[in-house]
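Beneath this line is the structure, given in structure tokens, with notes to follow.
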Amino acid sequence: MSTPIGNLGDITLRALAVLRQASLICCEDTRHARPLLDRYGIGTPTQALHEHNEASAVPRLLERLRAGETIAVISDAGTPLVSDPGGRLVEAAVTAGIRVIPIPGASATLAALVACGLAAHPFTVLGFPERKGKDREDALAMAARLPHAVVLFESPNRLADTLRDLAAIAGSGRQVAVARELTKHFEEIRRGTLEEVAAYYEEVPPKGEIVIVLAGATTAEPTEDGLRATADALRAQGFRPRDIVRMLMDEHGASRNLAYRLAHDT
């Protein structure tokens with residue numbers, strides 16, 4: 001069930017009815033859910049359901065569902081399962097033949113896409129990138145090469161670094177929009193190139209919930225000078241020559257011989 005991403009007025013009448021009628025509300029954090037439930041006078045019992053206890057909680061919740069009870073699942077904000085807990089319970093319920101009913105509503109992804117000022121359809125949601133390692137490299141490389149908008153989530157203290165890493169792979173001139181504190185009092189949507197937006201947030205450390213919308217890759221034929229600049233930027237970021245070769249070929253369309261030469265041209 002979708003709940004507000006900041007403004008408590010962004011809740012549907014259907015969602016309120018379901019929350020009142022449910023036997024139990026599973027919350028990512030019961031303390032976080034309390035202001036919403038109190039505002040609308042909802043006294044339904046709550047239970048924490050998060051990444052650390054979901055696996056152990058599912059069997060008991062399935063018993064209650066089989067007994068005919070209705071369980072509502074909410075995250076701290078927005079829609080559950082999208083970079084939030086709930087997936088194990090939904091999968092188990094579907095496997096057990098129990099009906100799962102989505103209750104739509106607020107979504108940080110859709111709100112950011114609507115206001116980003118970039119071509120918003122089609123789009124791919126990659127969620128939070130890994131903090132380090134090859135999984136992070138692969139996720140950012142995928143974001144850079146997709147020909148349509150890509151949605152990423154990021155924490156405030158890693159935002160500038162992620163924008164810089166994207167610039168090294170996608171090019172500093174790629175357009176991006178960073179949506180911060182959507183629907184809240186200090187809502188901000190900053191648009192520009194990866195270079196411009198990264199520089200801004202290096203000077204003005206951000207706060208709050210953050211959504212990144214990266215413009216899709218263009219299909220322009222790569223030039224040797226452009227590929228050399230990309231190789232230099234990747235080298236400066238600490239990528240190994242073999243990784244630079246792969247990325248120049250896979251994400252930028254370079255031939256194997258040219259990619260190898262540029263990756264080793266110091």
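The heavy-atom pair separating Ala15 from Ser2 by the smallest distance is CB-O, 4.4 Å. The shortest heavy-atom contact between Ala168 and Gln237 is CB-CG, 3.5 Å. Considering every non-hydrogen atom in both Pro80 and Pro85, the closest pair reads CB-O, 3.9 Å. Pairing each heavy atom of Pro206 with each of Pro156, the nearest pair is O-CB, 3.3 Å. The two residues Ala72 and Leu19 make their nearest non-hydrogen contact at CB-CD2, 4.2 Å. For the pair Phe153 and Phe128, the tightest heavy-atom approach, listed with the atom from each and the gap, is O-CD2, 3.3 Å.
Cluster annotation: Ile42 and Leu13 are assigned to distinct hydrophobic clusters (Ile/Leu/Val/Met/Phe/Trp/Tyr, side-chain heavy-atom contacts under 4.5 Å, transitive). Put simply, Leu37 and Ile103 are part of the same group of oily side chains (I, L, V, M, F, W, Y) that touch within less than 4.5 Å, one to the next. Under a hydrophobic clustering in which Ile, Leu, Val, Met, Phe, Trp and Tyr are joined whenever their side-chain heavy atoms come within less than 4.5 Å, directly or via other members, Val58 and Leu65 fall into the same cluster. If you chain together hydrophobic residues whose side chains sit under 4.5 Å apart, Leu159 and Leu126 fall into the same group. The cluster map of Ile, Leu, Val, Met, Phe, Trp and Tyr, joined by side-chain heavy atoms under 4.5 Å apart, puts Tyr40 and Met1 in the same cluster.
Electrostatic pairing of Glu224 and Arg261 counts as a salt bridge here, judged by a charged N lying under 4.0 Å from a carboxylate O. For the pair Arg66 and Glu63, the salt-bridge criterion is not met [side-chain N within less than 4.0 Å of a carboxylate O]. Using a 4.0 Å cut-off between charged nitrogen and carboxylate oxygen, Glu209 and Lys184 do not count as a salt-bridge pair. Comment: Asp232 engages Arg235 in a salt bridge, judged by a side-chain N to carboxylate O separation of less than 4.0 angstrom. For Glu196 and Arg191, the salt-bridge test fails: no basic side-chain N is under 4.0 Å from an acidic carboxylate O. Note on Asp225 versus Arg228: salt bridge recorded, some NZ/NE/NH1/NH2 to OD/OE distance being below 4.0 Å.
Under the 4.5 Å side-chain criterion, counting only non-hydrogen atoms from C-beta, Thr3 is not in contact with Asp76. The shortest distance between side-chain heavy atoms of Leu258 and Leu227 falls below 4.5 Å. For the pair Pro4 and Thr183, the minimum side-chain heavy-atom distance is 4.5 Å or more. Inter-residue side-chain proximity for Leu61 and Leu49 is flagged as met; some heavy-atom pair is nearer than 4.5 Å. At a threshold of 4.5 Å between non-hydrogen side-chain atoms, the residues Val176 and Ile212 count as touching. Side-chain contact between Leu24 and Thr46 is absent, with no heavy-atom pair separated by less than 4.5 Å. Leu113 has its side chain within reach of Val213: a pair of non-hydrogen atoms, C-beta onward, lies under 4.5 Å apart. Contact check for Val90 versus Val94: side-chain heavy atoms found under the 4.5 Å cut-off.
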Could you walk me through whether Ile11 and Leu16 pass side-chain contact (heavy atoms from CB on, under 4.5 Å), step by step? CA-CA 7 Å; Ile11 186 78; Leu16 291 175; 3.8 Å; yes
For a side-chain contact (heavy atoms from CB on, under 4.5 Å) check, start with the C-alpha distance between Val178 and Ile210, then their side-chain angles and the critical distance, and finish with the verdict. CA-CA 7 Å; Val178 172; Ile210 292 168; 3.9 Å; yes
Is there a side-chain contact (heavy atoms from CB on, under 4.5 Å) between Leu214 and Phe123 once you walk through the steps? CA-CA 10 Å; Leu214 181 69; Phe123 65 89; over 6 Å; no
Test side-chain contact (heavy atoms from CB on, under 4.5 Å) on Asp243 and Glu137; report intermediate values, then the result. CA-CA 9 Å; Asp243 294 324; Glu137 294 175 17; 4.1 Å; yes
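In this structure, the side chain of Asn53 engages the main chain of Ala48 through a donor-acceptor pair within 3.5 Å. The backbone N or O of Cys26 sits nowhere less than 3.5 Å from a side-chain atom of Gln47 that would complete a donor-acceptor pair. The backbone N or O of Gly173 sits nowhere less than 3.5 Å from a side-chain atom of Glu195 that would complete a donor-acceptor pair. The main-chain N or O of Glu187 is never found under 3.5 Å from a side-chain atom of Arg180 such that the two would form a donor-acceptor pair.
Annotation: salt bridge (Lys or Arg N to Asp or Glu O under 4.0 Å) contacts involving residues 121-135, sequence neighbours excluded, comprise Lys134-Asp138.
Atoms CG and CZ, on Leu248 and Phe239 in that order, are 11.0 Å from each other to the nearest 0.5 Å. The CG atom of Leu81 lies 10.0 Å from the CD atom of Glu91; values are rounded to the nearest 0.5 Å. If you take CD1 on Ile5 and OG on Ser75, they are separated by 10.5 Å, rounding to the nearest 0.5 Å. Note that CG of Leu234 is 5.5 Å distant from CD1 of Ile244, once rounded to the nearest 0.5 Å. Atom CD of residue Glu181 and atom CD1 of residue Ile189 lie 12.0 Å apart, to the nearest 0.5 angstrom. Of the inter-residue distances, the one linking Asp265 atom CG with Tyr260 atom OH reads 12.0 Å to the nearest 0.5 angstrom.
Residues satisfying the side-chain hydrogen bond (donor to acceptor under 3.5 Å, both in side chains) test with His32, not counting sequence neighbours, are none. Judged as a side-chain hydrogen bond (donor to acceptor under 3.5 Å, both in side chains), and not counting sequence neighbours, the contacts of Asp38 are Arg34.
Each of Met249, Arg242, Met247 was checked for a side-chain contact (heavy atoms from CB on, under 4.5 Å) with Val245, and the lone residue meeting it is Met249.
In this structure, a donor-acceptor pair under 3.5 Å is present between the side chains of Thr162 and Arg136. Using modelled atom types and a 3.5 Å distance limit, the side chains of His252 and Thr230 yield no donor-acceptor pair.
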